[in-house]
Amino acid sequence: MSTTVSWIFLVIAGLLEICWAIGLKYTEGFTKLIPSIFTLITLALSMFMLAKAAQIIPIGTAYGIWVGIGALGAAILGIILFQESASPSRIFFLILLLVAIIGLKLTSK
C-alpha cells in the first residue's frame with residue numbers, strides 16, 4: 001500500500017470515528033437497534049481503516065490524527081446537532097486541535 005493510500009485510509013477512519021461517536025448519542029445506551037448497529041459498524045470500519053493506515057504511517061501520528069479528526073468532528077457536530085456550547089474559548093481550542101492535526105501531518109515522514 002502506498003503512503004498516499006494510507007493517508008486516505010486514515011482520513012476515512014477519522015470520518016468514520018465521527019460517525020460512531022455521534023452515533024453513540026443516538027443509541028441511547030445501546031437501547032435503540034438501528035443506531036446501535038450503525039455505531040458498531042462504523043466503529044469496526046474506523047478501527048480497520050486505522051489499522052491499515054498504521055501499517056505505513058507511524059502509529060503515534062496515525063492515532064493522534066485519527067483521534068483529532070474524530071474529536072474535532074464530534075465537537076462541531078455536537079454544536080450543530082445538539083446545541084452544545086459554541087463559546088469563543090471552545091471555538092479557540094477546536095481551532096488549536098485543527099492546527100495540531102495539520103501539524104502532525106506536516107511533520108510526519
Side-chain angles (χ1 to χ4, degrees):
M1 173 169 37
S2 73
T3 303
T4 302
V5 172
S6 294
W7 282 103
I8 291 169
F9 276 26
L10 183 57
V11 169
I12 293 169
L15 295 173
L16 287 166
E17 186 185 6
I18 296 167
C19 293
W20 70 257
I22 293 298
L24 282 174
K25 184 82 168 171
Y26 291 100
T27 69
E28 295 183 18
F30 290 99
T31 61
K32 301 247 177 174
L33 182 61
I34 299 302
S36 296
I37 291 169
F38 172 82
T39 300
L40 292 172
I41 289 170
T42 55
L43 172 61
L45 288 171
S46 180
M47 290 286 179
F48 175 78
M49 300 292 270
L50 173 62
K52 295 302 276 181
Q55 289 178 318
I56 303 293
I57 301 167
I59 190 62
T61 300
Y63 184 75
I65 290 174
W66 177 72
V67 168
I69 292 170
L72 181 63
I76 290 169
L77 286 178
I79 291 167
I80 294 167
L81 298 174
F82 308 122
Q83 293 73 50
E84 294 177 0
S85 171
S87 67
S89 58
R90 188 162 192 224
I91 299 301
F92 172 75
F93 287 111
L94 289 173
I95 291 168
L96 285 181
L97 184 54
L98 178 60
V99 169
I101 293 166
I102 293 167
L104 281 172
K105 167 61 174 116
L106 293 176
T107 59
S108 69
K109 293 184 178 190

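Not measured: the values here are computed from a predicted model.
What you find for Thr27 and Thr39 is that their closest heavy atoms are CG2-OG1, 3.4 Å. In this structure, Ile59 and Ala54 approach most closely via the heavy-atom pair CD1-CB, 3.7 Å. Contact between Ala86 and Ile91 at its shortest, heavy atoms only, is O-CG1, 3.8 Å.
Sorted by first and then second residue, the pairs that involve residues 15-45 and meet ring-ring contact (aromatic ring centres under 6.0 Å, His included), not counting sequence neighbours, are Tyr26-Phe82. Sorted by first and then second residue, the pairs that involve residues 73-92 and meet salt bridge (charged side-chain N to carboxylate O under 4.0 Å, His left out), not counting sequence neighbours, are Glu84-Arg90. For residues 64-80, the side-chain hydrogen bond (donor to acceptor under 3.5 Å, both in side chains) pairs, not counting sequence neighbours, are Ser46-Trp66. Pairs of residues two or more places apart, or lying in two chains, never qualify as salt bridge (charged side-chain N to carboxylate O under 4.0 Å, His left out) while including a residue from residues 43-63. Within the structure, salt bridge (charged side-chain N to carboxylate O under 4.0 Å, His left out) contacts touching residues 11-21 (residues at least two apart or in different chains) do not occur.
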Without placing hydrogens or testing angles, list every side-chain donor-acceptor pair under 3.5 Å for residues 71-81, not counting sequence neighbours.
none

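Val67 pairs by the side chain to side chain contact (heavy atoms under 4.5 Å, CB included) definition with Tyr63, not counting sequence neighbours. Qualifying side chain to side chain donor-acceptor pair (under 3.5 Å) partners for Ser89, counting only residues two or more places apart in sequence or in other chains: Ser87. Residues satisfying the salt bridge (charged side-chain N to carboxylate O under 4.0 Å, His left out) criterion with Lys32, sequence neighbours excluded, are Glu28. In this view, Thr107 satisfies the side chain to side chain contact (heavy atoms under 4.5 Å, CB included) rule with no residue, not counting sequence neighbours. By the side chain to side chain contact (heavy atoms under 4.5 Å, CB included) test, Ile102 is found to be paired with Leu98, Leu106, residues two or more places apart in sequence or in another chain being considered.
Note: Leu10 CG to Ile56 CD1 = 12.5 Å, rounded to the nearest 0.5 Å.
Grouping the Ile, Leu, Val, Met, Phe, Trp and Tyr side chains by contacts below 4.5 angstrom, directly or via other members, places Leu104 with Ile18. Connection of Leu15 to Ile101 is established within a shared hydrophobic cluster, with ILVMFWY side chains joined at heavy-atom distances below 4.5 Å, either directly or through further cluster members. Grouping the Ile, Leu, Val, Met, Phe, Trp and Tyr side chains by contacts below 4.5 angstrom, directly or via other members, places Leu50 with Leu24.
Grouping Ile, Leu, Val, Met, Phe, Trp and Tyr by side-chain contacts under 4.5 Å, direct or through others, puts Phe9 with Met1, Val5, Ile8, Ile12, Leu16, Leu33, Ile37, Ile41, Leu45, Phe48, Met49.
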